[in-house]
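Taking it in order: structure first as structure tokens, then the write-up.
Here the structure is a predicted model, which means the values were calculated and not measured. Throughout, a chain's letter reflects where its sequence line sits, starting with A, and its residues are numbered from 1.
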Protein chains: 2
Amino acid sequence: MEVRSVTRALQILEAVAQHQPVTVGELSKLLGLPKSTVQRTLLTLNEAGWLRANRKDTTRWDIGARVLAVRPAALQGSSLFAAAREPMIRLRDTLNETIHLSVPDGLQGAVIVDRVDCTHALRIVFAIGDISPLHATASGRAILAHLPTADVDEVVSRGLERFSDATPTDPVQLRADLERVRADGFSVNRNQYRPGVCAVAAPILDVDGTPIATITVSMPDSRYDEDKAPDWGRLVADTAAEITGRRQLGA
Amino acid sequence: MEVRSVTRALQILEAVAQHQPVTVGELSKLLGLPKSTVQRTLLTLNEAGWLRANRKDTTRWDIGARVLAVRPAALQGSSLFAAAREPMIRLRDTLNETIHLSVPDGLQGAVIVDRVDCTHALRIVFAIGDISPLHATASGRAILAHLPTADVDEVVSRGLERFSDATPTDPVQLRADLERVRADGFSVNRNQYRPGVCAVAAPILDVDGTPIATITVSMPDSRYDEDKAPDWGRLVADTAAEITGRRQLGA
DNA sequence: TCGCCCGTTCCACTGAGCGGCACGGTGTGC
DNA sequence: GCACACCGTGCCGCTCAGTGGAACGGGCGA
């Protein structure tokens with residue numbers, strides 16, 4: 001939090017993204033900031049092209065298209081979203097569980113960038129933009145398993161935070177699991193991050209083998225079945241492979 | 001330019017996006033700002049998750065994954081992407097020319113959000129995120145033709161910038177063309193924006209008739225054939241109509 | 001070994017940003 | 001039809017957050 005106005009501007013931008021189209025007053029209440037401050041910031045973001053007044057109600061604000069030009073290098077010129085969306089929906093239809101698309105954010109974790117929900121009353125809900133640690137989740141380890149050993153060392157040296165009783169906090173245990181993920185082609189998480197939440201994930205790789213995203217199917221522990229995990233793993237891995245293929249097709 | 005630090009932070013963010021991975025000094029020279037100011041802003045953006053230190057060289061900066069959570073409303077839920085992807089590929093296979101999916105950005109222009117390339121050695125290449133003016137391109141006029149007259153007036157009053165000899169800078173000429181686009185169901189651009197680049201486009205409409213996107217086929221002038229334009233137009237319009245239908249089905 | 005240039009840190013100054021307040025318009029409930 | 005509540009917008013004096021010049025330390029090449 002170095003430059004206050006910048007930090008706030010980004011908060012406002014993210015709030016607009018989540019609630020668009022949204023008004024000054026709504027944002028003001030949502031973020032607990034004075035109306036005039038929010039207004040001034042909105043005008044600034046608008047002038048920079050990051051926001052647009054909604055065309056049907058000009059007192060409401062939408063995210064502008066400028067943001068699309070700003071993407072992580074790994075995704076420059078690629079169409080990850082477009083390639084992933086349809087296979088994700090098909091996977092959801094097959095399993096009827098929540099499907100997430102995540103991308104690595106340095107070694108900080110994996111960020112959820114897209115989501116397809118299931119129809120169960122009891123379902124897993126993570127928000128787009130949520131970030132989760134690499135060692136404690138299925139999507140994280142699907143990424144970690146395809147990174148150089150030096151990166152794994154780095155993650156280990158930063159400390160393996162414990163989130164639940166099942167979190168793998170032992171480096172030896174973690175490395176063994178990563179070995180297995182490489183062999184299987186998918187990773188599994190049973191209550192290791194959020195208690196009661198299980199997941200199976202597979203990586204989407206770039207042409208040079210670096211992981212650029214993962215597909216994850218998440219479900220409550222009550223619907224997780226150890227015997228079915230290999231089948232789910234194969235389905236998720238196939239979906240990830242299909243997206244990898246589509247990406248190269250369209251590029 | 002209301003809040004200076006925010007404006008600069010966004011400039012820096014965009015500069016990082018274009019030159020990543022980039023150092024403090026490079027940015028400082030590039031933008032003509034003091035090193036300390038750039039550094040402070042970079043740290044702020046980093047803390048907010050919008051930037052990440054490059055993994056191979058920690059003094060260089062990359063765009064962080066957080067930005068992916070911020071998207072224009074038209075792309076929220078990605079039903080547009082999913083609906084458009086397959087028809088776009090089919091259209092590319094039929095014509096073997098570059099296909100673009102664009103969305104309007106207020107009245108500022110149309111932004112390319114997805115792309116399917118052709119196989120020709122000589123081909124049109126625009127990047128995802130590129131923005132082009134509404135009056136000077138096929139995709140722009142496909143949008144403009146389905147906006148209220150007040151919006152067209154607004155665009156005209158902002159001035160019709162000339163990009164080439166063929167750019168329609170006369171309001172009367174523009175309005176006549178829009179009339180024709182409505183009648184034909186597709187728009188045509190022959191060297192009106194980038195010399196040597198021709199295109200045919202059709203709009204994707206929302207249930208209430210407002211244009212939310214366009215499908216465009218772009219080709220070099222050397223492959224453009226006036227006689228075939230109507231056929232191409234019909235193909236593009238059919239593709240756009242199919243996407244419109246899929247969107248309503250899948251939503 | 002020396003010198004250059006890099007990223008980083010510090011700190012005193014000041015004007016940019018802050019936010020309380022007031023205005024005009026809109027719609028809602030008596 | 002009136003009054004009130006609430007909206008988005010604009011203003012302006014105060015203050016401290018942001019600025020940027022300068023200095024530091026380390027890496028690298030000559």
Let's see if you can work this out: which of D/dG20, D/dG18, C/dC18 has an atom nearest to the side-chain heavy atoms of B/Thr37?
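In terms of side-chain proximity for B/Thr37, the closest of D/dG20, D/dG18, C/dC18 is D/dG20.
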
Is the positively charged end of B/Arg71 above the ring of A/Phe81, judged by distance under 6.0 angstrom from the centroid and angle within 45° of the axis?
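Yes, a cation-pi geometry.
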
Identify whether any heavy atom of B/Arg60 sits under 4.0 Å from a base atom; if not, whether one sits that close to sugar-phosphate; answer base, sugar-phosphate or nothing.
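Nothing, no heavy atom under 4.0 Å.
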
Which part of the nucleic acid does A/Ser5 contact within heavy-atom distance under 4.0 Å: base, sugar-phosphate only, or nothing?
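Sugar-phosphate: the residue A/Ser5, judged by heavy atoms under 4.0 Å, touches backbone atoms but no base.
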
Is it the case that the side chains of B/Glu26 and B/Trp61 hold a donor-acceptor pair, with the cut-off being a distance below 3.5 Å and no angle test?
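No, B/Glu26 and B/Trp61 have no side-chain donor paired with an acceptor closer than 3.5 Å.
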
Under 3.5 Å, is there a donor-acceptor pair linking the side chains of A/Gln192 and A/Arg141?
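Looking only at side-chain atoms, A/Arg141 and A/Gln192 do form a donor-acceptor pair, the distance falling under 3.5 Å.
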
If I take atom [atom1] in residue [X] and atom [atom2] in nucleotide [N], what distance separates them, rounded to the nearest angstrom?
X       : N      : atom1 : atom2 : answer
B/Asn46 : C/dG7  : CG    : P     : 16 Å
B/Leu42 : D/dG20 : CG    : P     : 15 Å
B/Ile12 : D/dG20 : CD1   : P     : 11 Å

Would one find a side-chain N or O of B/Arg8 under 4.0 angstrom from OP1 or OP2 of D/dG20?
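Result: yes.
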
Worked check of salt bridge (charged side-chain N to carboxylate O under 4.0 Å, His left out) between B/Arg60 and B/Asp62
CA-CA 7 Å; B/Arg60 292 187 170 272; B/Asp62 291 318; over 6 Å; no

Under 6.0 Å from the CZ atom of A/Arg180, do we count more than 12 heavy atoms belonging to anything else shown?
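Counting other residues, nucleotides and ligands, CZ of A/Arg180 stays at 12 neighbours or fewer.
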
Angle between the end axes of the helix from C/dT1-D/dA30 to C/dC30-D/dG1, five pairs per end, to the nearest 10 degrees?
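That helix has its two terminal axes inclined by roughly 40°.
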
Side-chain donor or acceptor of B/Asp170 paired with backbone N/O of B/Val172 under 3.5 Å:
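Side chain of B/Asp170 to backbone of B/Val172, a donor-acceptor pair under 3.5 Å: yes, one is there.
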
Pairing of A/Asp105 and B/Arg66 as salt bridge, 4.0 angstrom limit:
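Looking at B/Arg66 together with A/Asp105, the answer is no, because their closest N to O distance does not fall below 4.0 Å.
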
B/S/- along nucleotides 6-16 of chain D (protein heavy atoms under 4.0 Å) is -SBBB------

Qualifying residue for side chain to side chain contact (heavy atoms under 4.5 Å, CB included) with B/Trp50, from B/Ile63, B/Val16, B/Val70, B/Thr44:
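In the set B/Ile63, B/Val16, B/Val70, B/Thr44, the residue that makes a side chain to side chain contact (heavy atoms under 4.5 Å, CB included) with B/Trp50 is B/Val70.
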
